[in-house]
Each structure stands twice: as structure tokens, then as C-alpha cells.
2 protein chains.
Amino acid sequence: MTAKGRGGAAPRLPRRLAGGRPKGEQLREILEGLASSLPPGSALPSERELADRYGVARMTVRGEIDRLTGEGLTYRQHGRGTFVAAPRVAQAVALTSFTEDMRSRGMEPSSQVLDQELVEASSILAARLEIGPSAPTMRLDRVRTADGIAMAFERAYLPAARFAGIESTDFSRASLFELLAERWGVVLRDADQRVVATAIEGEQAALLEVAEGEPGLRFQTLTRDAHGAPVYYAISLYRGDRYEIDLRQVRGDGRARA
Amino acid sequence: MTAKGRGGAAPRLPRRLAGGRPKGEQLREILEGLASSLPPGSALPSERELADRYGVARMTVRGEIDRLTGEGLTYRQHGRGTFVAAPRVAQAVALTSFTEDMRSRGMEPSSQVLDQELVEASSILAARLEIGPSAPTMRLDRVRTADGIAMAFERAYLPAARFAGIESTDFSRASLFELLAERWGVVLRDADQRVVATAIEGEQAALLEVAEGEPGLRFQTLTRDAHGAPVYYAISLYRGDRYEIDLRQVRGDGRARA
DNA sequence: CTACCACACTGGTCTAGACCAGTTGCGGGG
DNA sequence: CCCCGCAACTGGTCTAGACCAGTGTGGTAG
């Protein structure tokens, strides 16, 4: 038969659907399992074959494959079949903290505070943070690690007047995001970031445990709260061999919901 | 009738579907128009009413509303109805071509074609482009320049079967984006991008006129059309000293996909 | 007046077919 | 030997019902 090998590649599927739960729901789980266990490009059984095997109407099968295809797990080719899609990168343009970012990549984040002190804002920094010139700011230097491996060096500046007592807060354990939310009720909303490729040199090469001149990503980030007021400005240097940016770009109208 | 006012709020809808084109497709356009012209929270006509009005089966209506709901234009409430969803916040990172990107930075883009030929897709590439294994693809190597200065090296792969005659098209002048739109009517919608920092080595260092080992940004981009079908896959290498990424991140609901 | 229940709506699931439209392989004719 | 056409697959669209499951309302019994 021409469809040989399709079913054969499937890892031991249930043969019948249980009663009680909607058939489509059960079918969907089976198909999700199939799609996630097969390599990209593999063919799924045909709609008619699935309908026949599980004793449901073809429209029921189609409905579930429609869902999978809409989610990007599979794709269809008219006249050829339905295939497992290559995994898409996550929606990574969302504003996340280093802590959230690393956890979403399956690693355990931590930090080592190198330096933490009050300094006067330079004129450039004051302008960015929208505070008065020479206003007190807290400068926080940290090495960010994931699973114990140095991932990035980060220097953050926060307006000290707005966050009373911040200079004596212990940042070695808590996430900056979480502390701002818990102690000062700050809801971070958006950030402007500038990213350039750069060579890692000198002291930072030592901190990140890489050879001089190795490539890295330098982020300049200005994060704002729900009112649009700047909360902190940070410069981060990520190791090029251990960090990547995943972007999902949308053209034009880019509709979706709030 | 209880459903009064639903239809009344609708801005003069066509009463019949034309022949020739699929009914679902026409229905979809009507519903999209409805959803975009009504304020968020408005109720759409019920599925049975729409089916009745346009003389189609309710399953046909449901299929299209499924699509709209999947795209986030509408949402459903069991027992109550289907409603127009609130528009999502604008997507910050817009999908642009190199041409548009450079012009927006105030530079004049150009390209130099290094190589252009038909090759068989590797299994990995075929899976990414969602085409059959060993299907013909056009490989296009270019150096992208801005104001006459080498900015990036780019290798793009396009499915040749879909774009008849593409292998003999001159890409030294025209933008790939524009050509795809004009000659093949392709509307690019979104792209997944992976960005890593890397050292520029060997031949590519020569092409970009930088010293060996200088830092650069490597992009892997999969661009899709309005139907979600992959259009091309590209690997680009940008000079680290001449290119930067500007991001605007928004803290969202973290809408996820697999 | 209130509490409850039946009914008329809504969407949710599912069936068992129909026919159309691409793709592919195989066999026969030139 | 090559090419063409047919047959057997694939997904794409659509029908005309069925019954289930929530929601909301209005009338009726207490």
C-alpha cells in the first residue's frame, strides 16, 4: 500500500477512544503526542485513515488537525498529506526579567552582586531616567548566572529618590523585577532596547570566563512602568556562545487581542 | 425576536454569496469586515442566523468563526454568543526588509549577487520550508550594502516550485520583498528570527571587509506569508560595528504557542 | 414578592456522506 | 526509451441534519 510506513512510524497509539470525554479532545491529545514525537517533516496518517481507525467522522479528525495546524504544530500540503512542522521559536519579544528568561529556557538563574552603591547621575543618565541632573542613583553591578554558569554582566541604574531604602536591599537573591513589584508596587510595562554585537574585553572577559575578544551581545535597556516613567536603565553584556535572541516579527496591522 | 439589534448594528452586509469562489472564503471576508467595523464587545449574529441568511450549512459558518477566533478577532461564550475582541497592542518589532530597514535608518541600500543557483533542499531545510524532501530550492547569496558600505552577507533559500522562474530573476536591483509581492502576489506576514553574536571569519570577513574574528550578528530568519506558509529561510551575518537591533518590548499576557 | 422551572435562545460536538482539487506512481502507447 | 494518461491516493469544501451544554427570561406556584 502506498500509505505504508505512516502508521508504522507512530509510537504505539491507543486503538480506541474512551467514552465520557469528547472524541475530538482525545483525538487531539493523540495527535499532539504524535506530532511531538515524530521528527519535523514526518507525515501524519491521512485524515481518512485516522477517521477509520478511531471510528469517528472525517470532519471530526479535520477539526482537530485544523487546530494543530493553526497552532503551528503541523502543516498541510494539498494532495500530499499532513506533516509535522519544525518547532517555532517562542514569542520572545515580551518583556521579561533575566530570571524569567532563564527559567523559560529551562535553566536556574542566580546572581552575584559585584558592586552596589549610590552615585550621582551623569547628565546623560539623568536624561534617560528623566530625573534631575546629579540626582542620586543606585548603581548595581551583577554577574548573572544560569545553572551556575556565568551568562551575562549587568550594570543597572535606578533612581534612588523613588525607591527608598533600595541601596541597602540585598539583590543577590531576589529578582529585581520581583522586588520592585513587591516593595514599591511598580508594574513594569515596556522597555526600549538597543542590541549590538561587541567583543568582550578586559575585566568583563574575566568575569564571564571567556577569552579576550570573544563575541558577545551588549544590551542597553530602558524600562518603564505603567505610567511611562523610566524605572531603570541597564547595560548588559551577554556571552555570545551561550545566549541567543528569539524574535517573532509581525508585519503591518498585526492584529490580535489586548 | 430576542436577537434583535444584532443584525441591525451590522453595516450593510451583502445578502447573497457570489458563485465561483468558496462560500467559506466570502463568508470570512464578510465576518472580518463585521468584526473590524463593530466596537469591541459587540455580538456577532448567531451561527444559525448567519447560516440561514447566507444559505450555507452551520458547519461552514462555524469553520470561519473558528478561524477568526483563532486569530483573536473574536471570542465566544458558550450559551451567550460570539463577540468582537479588543484589538491587541501594536506589535513593536515590525517585519521589514533590508531595503526598508536601511532606508528607515537614512541610508541607501543595494545588493551584490554573489551566487544564485538551484539546489536540492537538505532534509533540515525542507522541514523548515515545509516542502518535500530534496525539493528544488533557489539559493541566493548576496552582500547587502548601505551607502556603498558592506553591511551584511545573506544566504536565502526559496522553494523554487512555488516561484516559477525565480532562478532566472535578477536580484541585484530589486528587493526580494518587492519582487515576491509584485510577481507572485506574496504577502509576507511574520517571521521567526534567531539572533546570536558570532565572530566573523574567513571568506565572510573578506566580503564584509573586516578583520578576522571581529564580532557580528548572525540572523536565522524564517519568513511566512499571510497563510502561515514559509516563504523563505535566510541566514544573515551583519557587521557588529555597523548594525544594531532596536527593540521595543511590551509586557504582555504571554500568549504562547508551541 | 420571591423562588423556581420550562423554554427559547446561544455555542459545542459529531455524523455520514458528497464532490472538488492537487499529487504521485504505474502501465501502456508511441 | 520516453511520455502521457489514468487511477488511487492526498487534503479542501460543504451539506443537513442530530444531540449536548450553557444562558437568560418570563411565567407560575408558593
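Proteins get letters first, then strands, A, B, ... in listed order; numbering begins at 1 in each.
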Test side-chain hydrogen bond (donor to acceptor under 3.5 Å, both in side chains) applied to A:Y238 - qualifying residues, sequence neighbours left out: none
Contacts of A:P109 that satisfy side-chain contact (heavy atoms from CB on, under 4.5 Å) - sequence neighbours left out: A:F98, A:T99, A:M102, A:R103
Whole-Å distance separating the CD atom of A:E49 from the P atom of D:dA8: 18 Å
Residue list, side-chain hydrogen bond (donor to acceptor under 3.5 Å, both in side chains) with A:E29, at least two apart or on another chain: A:R21
Counterpart residues, salt bridge (Lys or Arg N to Asp or Glu O under 4.0 Å), relative to A:E32 (two or more places apart): A:R28
Rounded distance in Å - CZ (A:R28) to P (C:dG12): 14 Å
Distance-only polar pair, side chains of B:R155 and B:S236, donor-acceptor under 3.5 Å: no
side-chain contact (heavy atoms from CB on, under 4.5 Å) involving B:D52 - partner list, sequence neighbours excluded: none
d(CD, B:E47; C1', D:dG22) in whole Å: 14 Å
Letter per nucleotide, 5' to 3', of nucleotides 14-24 of chain C [B base touched, S only sugar-phosphate touched, - untouched; heavy atoms, 4.0 Å]: BBB-BB-BBSS
Atom pair distance, as rounded to whole Å: CZ in B:F83 and P in D:dG22: 17 Å
Nucleotide of C:dT10, C:dT13, D:dG11 approaching B:S46 most closely (side-chain heavy atoms): C:dT10
Separation of atom CZ in B:R67 from atom P in D:dG12, rounded to whole Å: 9 Å
